[in-house]
Number of protein chains: 2
Amino acid sequence: MTNESSQSLKLFIVLSRAYKAINEQVNKFIQTKGLNPTEFAVLELLYHKGDQPLQQIGGKILLASGSITYVVDKLEEKGLLKRNACPKDRRVTYAQITEEGKTFIGEIFPEHEERIHDLMSSLSHDEKETAIELIKKLGLSVGKY
Amino acid sequence: MTNESSQSLKLFIVLSRAYKAINEQVNKFIQTKGLNPTEFAVLELLYHKGDQPLQQIGGKILLASGSITYVVDKLEEKGLLKRNACPKDRRVTYAQITEEGKTFIGEIFPEHEERIHDLMSSLSHDEKETAIELIKKLGLSVGKY
DNA sequence: TATAATTAATTTGAATTCGAGATAAATTTT
DNA sequence: AAAATTTATCTCGAATTCAAATTAATTATA
């Protein structure tokens with residue numbers, strides 16, 4: 001290692017490669033289920049965190065407001081979610097997962113999780129614990145920039 | 001932690017968040033220089049690794065063949081690279097960074113590296129070393145899938 | 001109150017990427 | 001040598017995303 005900056009660069013490179021490799025596998029799986037990654041992310045958010053105003057979805061999964069409209073339209077066309085007007089504030093629209101959407105995610109999520117577990121099998125329990133701790137520290141500090 | 005799978009899922013989530021947070025900062029910087037992230041990746045590859053057949057660029061930075069044509073067109077329009085026919089195999093075209101391109105990357109790369117170093121400053125030297133080792137192991141095992 | 005400022009959702013248009021198919025060149029097989 | 005296959009690049013259309021502009025509703029302020 002010639003200096004500290006190049007160590008940081010190396011960390012950036014390995015992080016990028018690992019993320020892309022894992023993500024590619026995860027996305028392939030999601031696409032076999034007829035969703036794109038963004039659709040999956042929105043649906044999973046609603047499934048695990050309940051109804052959300054459209055605007056907040058953008059903040060949570062890092063998506064521009066124009067993109068939210070697009071992806072929510074798609075999911076609504078597929079019958080996996082529906083829009084509900086907020087009675088208190090007519091500017092606000094809630095996205096709510098439908099029964100069909102719940103069934104759908106309920107079926108594929110466990111497999112999704114298991115596949116991720118398989119992808120991570122090169123690390124031991126303790127190594128994962130260490131990796132989680134370090135990467136979380138890194139991510140949190142950047143998020144605050 | 002309820003079970004091993006959820007630990008892996010957690011690692012996936014922190015990895016995704018950290019990558020996205022860092023990448024967002026890096027991309028913002030690149031865009032202030034008038035390039036998109038793919039253009040930067042191609043140019044940096046040529047700068048550090050020398051001339052490349054178009055087809056190999058796709059393999060190294062994970063890009064479909066149609067996209068390579070597009071990005072190389074853009075960089076050629078900007079005068080940052082040029083195409084060279086391969087004399088031995090007329091199917092092959094090499095991408096070569098121009099003097100203008102070298103000057104350009106030579107100016108922004110050190111700043112790029114320094115910014116990444118700043119983004120990583122929440123981890124100590126040893127923590128980075130540990131993170132590199134673990135993430136590399138993870139990425140390599142997935143890459144072989 | 002009315003005016004201004006802010007916030008939420010949508011629409012529009014441009015940029016980027018992929019995938020499928022087309023074309024051209026080289027290599028291998030028959 | 002001719003045919004078939006492989007390889008490299010490009011073209012085209014579809015999908016996805018963002019940014020900017022628009023519309024509508026709410027909140028703050030003079």
Side-chain angles (χ1 to χ4, degrees), chain A residues 16 20 23-43 46 51-78 80-96, chain B residues 16 19-20 23-43 45-46 51-78 80-96:
Chain A
S16 298
K20 286 177 188 170
N23 211 242
E24 189 188 341
Q25 299 299 321
V26 169
N27 288 349
K28 269 186 197 163
F29 170 69
I30 290 169
Q31 274 158 8
T32 65
K33 302 301 179 181
L35 295 183
N36 70 41
T38 310
E39 291 171 338
F40 181 80
V42 170
L43 216 50
L46 300 178
D51 303 0
Q52 305 280 332
L54 297 197
Q55 195 261 340
Q56 291 199 29
I57 295 174
K60 289 183 181 168
I61 68 171
L62 205 56
L63 208 58
S65 77
S67 309
I68 298 169
T69 299
Y70 175 82
V71 67
V72 168
D73 283 352
K74 294 286 170 196
L75 287 168
E76 202 167 26
E77 285 166 18
K78 291 177 183 174
L80 299 175
L81 69 71
K82 65 193 187 73
R83 284 175 163 91
N84 289 129
C86 172
K88 298 184 181 171
D89 186 337
R90 292 198 298 169
R91 291 171 306 178
V92 175
T93 304
Y94 282 91
Q96 178 180 34
Chain B
S16 299
Y19 171 77
K20 285 177 188 169
N23 211 239
E24 190 188 341
Q25 298 301 320
V26 170
N27 288 349
K28 268 185 198 164
F29 170 68
I30 291 169
Q31 274 158 7
T32 64
K33 303 301 178 180
L35 295 182
N36 71 41
T38 309
E39 291 170 338
F40 180 80
V42 170
L43 216 50
L45 175 69
L46 300 179
D51 302 2
Q52 305 281 330
L54 298 196
Q55 193 261 340
Q56 292 200 28
I57 295 174
K60 289 183 181 167
I61 68 171
L62 206 56
L63 208 58
S65 77
S67 308
I68 298 168
T69 300
Y70 176 82
V71 177
V72 170
D73 281 352
K74 293 288 172 196
L75 287 170
E76 204 167 23
E77 285 166 17
K78 291 177 183 174
L80 299 173
L81 70 71
K82 63 192 187 74
R83 284 175 162 91
N84 288 127
C86 174
K88 298 184 180 172
D89 186 337
R90 290 199 298 168
R91 293 170 304 179
V92 176
T93 303
Y94 282 91
Q96 177 180 33

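Computed from a predicted structure; not experimentally measured. Residue numbers begin at 1 in each chain, while the letters A, B, ... track the order of the sequences.
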- Message: Main chain of K28(A), side chain of Q31(A): is a donor-acceptor contact present, judged purely on distance under 3.5 Å?
- Response: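 Pair absent, no side-chain N/O of Q31(A) close to backbone of K28(A).
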Please tabulate the protein-to-nucleotide N/O contacts below 3.5 Å involving nucleotides 2-7 of chain C, giving atom names and distances.
{"residue": "dT7(C)", "atom": "O2", "partner": "R91(A)", "partner atom": "NH1", "Å": "2.9"}

To the nearest Å, give me how far apart [atom1] ([X]) and [atom2] ([N]) are.
X	N	atom1	atom2	result
I57(A)	dT17(D)	CD1	C1'	16 Å
E76(A)	dT10(C)	CD	C1'	13 Å
K28(A)	dC18(C)	NZ	P	13 Å
N84(A)	dA9(C)	CG	C1'	15 Å
Q52(B)	dT9(D)	CD	C1'	16 Å
F40(A)	dA15(D)	CZ	P	22 Å
N27(B)	dT17(C)	CG	C1'	15 Å
L81(A)	dA9(C)	CG	P	13 Å

Kindly list each side-chain donor-acceptor pair under 3.5 angstrom involving residues 51-58 of chain A, sequence neighbours excluded, with atom names and distances?
{"residue": "Q52(A)", "atom": "OE1", "partner": "K60(A)", "partner atom": "NZ", "Å": "3.0"}
{"residue": "Q52(A)", "atom": "NE2", "partner": "K49(A)", "partner atom": "O", "Å": "3.3"}
{"residue": "Q52(A)", "atom": "NE2", "partner": "G50(A)", "partner atom": "O", "Å": "3.3"}

- Message: I want to check one thing: is the phosphate of dA8(C), taken as OP1 and OP2, less than 4.0 Å away from some side-chain N or O of R90(A)?
- Response: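 It does not, given that no N or O in the side chain of R90(A) lies less than 4.0 Å from OP1 or OP2 of dA8(C).
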- Query: Is T38(A) near enough to dT16(D) that one of its side-chain N or O atoms lies under 4.0 angstrom from OP1 or OP2?
  - Reply: no
- Could you go through the side-chain contact (heavy atoms from CB on, under 4.5 Å) check for T93(B) and V72(B) one step at a time? CA-CA 11 Å; T93(B) 303; V72(B) 170; over 6 Å; no
Closest heavy-atom pair and its distance - [X], [Y]:
X	Y	answer
A95(B)	L46(B)	O-CD2, 3.5 Å
L63(A)	I68(A)	O-CD1, 4.1 Å
K74(B)	E39(B)	CB-OE2, 3.3 Å
L35(B)	F40(B)	CD1-CA, 4.0 Å
N36(B)	T38(B)	OD1-N, 3.0 Å

- Message: Need to verify one output field. Residue with the more 5' nearest nucleotide on DNA chain D, L35(A) or V92(B)?
- Response: V92(B)
Collect all protein-nucleotide pairs involving nucleotides 10-14 of chain D in which both atoms are nitrogen or oxygen and the distance is under 3.5 Å.
{"residue": "dC10(D)", "atom": "OP1", "partner": "R83(B)", "partner atom": "NE", "Å": "3.1"}
{"residue": "dC10(D)", "atom": "OP2", "partner": "T69(B)", "partner atom": "OG1", "Å": "3.3"}
{"residue": "dC10(D)", "atom": "OP2", "partner": "R83(B)", "partner atom": "NH2", "Å": "3.2"}
{"residue": "dC10(D)", "atom": "N4", "partner": "S65(B)", "partner atom": "OG", "Å": "2.9"}

- Message: Let me confirm one number: the NZ-CG distance from K78(A) to L43(A), rounded to the nearest 0.5 Å.
- Response: 9.5 Å
